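The structure under discussion appears below in the form of structure tokens.
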Amino acid sequence: DQQVKQNSPSLSVQEGRISILNCDYTNSMFDYFLWYKKYPAEGPTFLISISSIKDKNEDGRFTVFLNKSAKHLSLHIVPSQPGDSAVYFCAASPNFGNEKLTFGTGTRLTIIP
Amino acid sequence: ETGVTQSPTHLIKTRGQQVTLRCSSQSGHNTVSWYQQALGQGPQFIFQYYREEENGRGNFPPRFSGLQFPNYSSELNVNALELDDSALYLCASSGGQGVGETQYFGPGTRLLVL
């Protein structure tokens, strides 16, 4: 039972354009959502998070949007840079501070120079 | 500040054997979580240790067990290895002052069971 789904295994975007990565979840108990980025041979690195009391959180080039009624979140990266090429994981938790994360299967983002 | 480290980086075992994986948490962190990442999948939560006590467990059988030591480093033990245990095992630490919910992951141990 995949409670967090990332339906696009891969995405290619031109450098300088916007990258949009999507994530859907099924468990209504999830209250806190995170995005992690993973390079080969490294562990996942925390990127940005959002609580269910918000619908948007922004940090520099990265913005996460949450649509709680649709159980959908998205990560926007603008402008996209070659260093953004990595696998991006969406993760969810029942509450802030609960570190027992449920991850999606990841989306491989490739930025084309 | 030292990050999360894991050892060994790679390991090959045969079915039925036992394995121990090690993790040193980031300085000041008292919580360690272990995840299994199979090929093409996202990390799956195995269990978490907080101040040497198990603090939650995912959907893994009892042959997956762990320990946390007084210095907050941790071990993951897997008995009676099966072919499906082949995966990347990730350790993450959290809980230091000011870091809140952020987990810091180590590079992982890649286990191959033949």
Side-chain angles (χ1 to χ4, degrees), chain A residues 1-10 21-27 29-54 57 59 62 64 86-108, chain B residues 3-7 9-10 21 23-26 29-51 54-60 66 68 72 74 87-110:
Chain A
D1 176 28
Q2 193 73 25
Q3 297 185 63
V4 178
K5 300 176 188 179
Q6 294 176 256
N7 292 319
S8 298
S10 63
L21 295 95
N22 293 303
C23 177
D24 297 292
Y25 63 97
T26 57
N27 189 339
M29 298 301 292
F30 288 144
D31 206 39
Y32 195 71
F33 304 89
L34 307 91
W35 284 93
Y36 279 83
K37 171 178 171 178
K38 187 178 187 300
Y39 293 120
E42 294 183 13
T45 303
F46 170 75
L47 203 54
I48 193 169
S49 63
I50 188 166
S51 164
S52 62
I53 62 172
K54 294 186 174 182
N57 187 27
D59 184 2
F62 302 92
V64 56
V87 177
Y88 288 78
F89 290 100
C90 170
S93 168
N95 50 63
F96 177 90
N98 182 315
E99 299 103 341
K100 300 155 200 168
L101 301 175
T102 300
F103 283 85
T105 52
T107 296
R108 180 177 300 279
Chain B
V4 179
T5 60
Q6 292 186 244
S7 63
T9 54
H10 295 83
L21 310 181
C23 171
S24 290
S25 57
Q26 188 158 317
H29 287 184
N30 54 26
T31 303
V32 172
S33 303
W34 286 91
Y35 293 84
Q36 179 197 67
Q37 186 180 7
L39 201 61
Q41 301 296 315
Q44 267 198 289
F45 175 72
I46 304 175
F47 45 55
Q48 181 184 87
Y49 279 83
Y50 171 68
R51 294 189 175 183
E54 187 178 291
N55 181 39
R57 188 178 184 94
N59 190 25
F60 280 82
Q68 188 179 31
Y72 302 135
S74 178
L88 179 69
Y89 288 85
L90 294 162
C91 156
S93 75
S94 56
Q97 281 187 357
V99 294
E101 78 290 358
T102 303
Q103 292 192 53
Y104 295 85
F105 282 84
T109 293
R110 188 163 295 282

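Proteins get letters first, then strands, A, B, ... in listed order; numbering begins at 1 in each. The structure presented is a predicted model; accordingly, all values stated were derived computationally and were not measured.
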With rounding to the nearest 0.5 Å, note down the distance linking CD in B:Q103 to OG1 in A:T45. 12.5 Å
To the nearest 0.5 Å, tell me how far A:F103 CZ sits from B:Q41 CD.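 Answer rounded to 0.5 Å: 13.5 Å.
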For chain B, find which of A:T102, A:V4, A:V87, A:T105 contributes the most heavy-atom pairs closer than 4.5 angstrom.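 Looking at each option in turn, the highest pair count goes to A:T105.
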Using non-hydrogen atoms and a 4.5 Å limit, figure out which bit of [X] sits close to chain A: side chain, backbone, both or neither.
| X | value |
| --- | --- |
| B:T9 | neither |
| B:Q44 | neither |
| B:N55 | both |

Determine the minimum heavy-atom distance between [X] and [Y], stating which atoms define it.
| X | Y | result |
| --- | --- | --- |
| A:P44 | B:L90 | CD-CD1, 3.9 Å |
| A:A41 | B:P107 | O-CB, 4.0 Å |
| B:F45 | A:K100 | CZ-CG, 3.3 Å |

Heavy-atom side-chain proximity of A:L101 to B:Y35 below 4.5 angstrom: yes
Can the ring centroids of A:F46 and B:F105 be said to lie less than 6.0 angstrom from one another?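 Judged by ring-centre distance (under 6.0 Å), A:F46 and B:F105 do not meet the cut-off.
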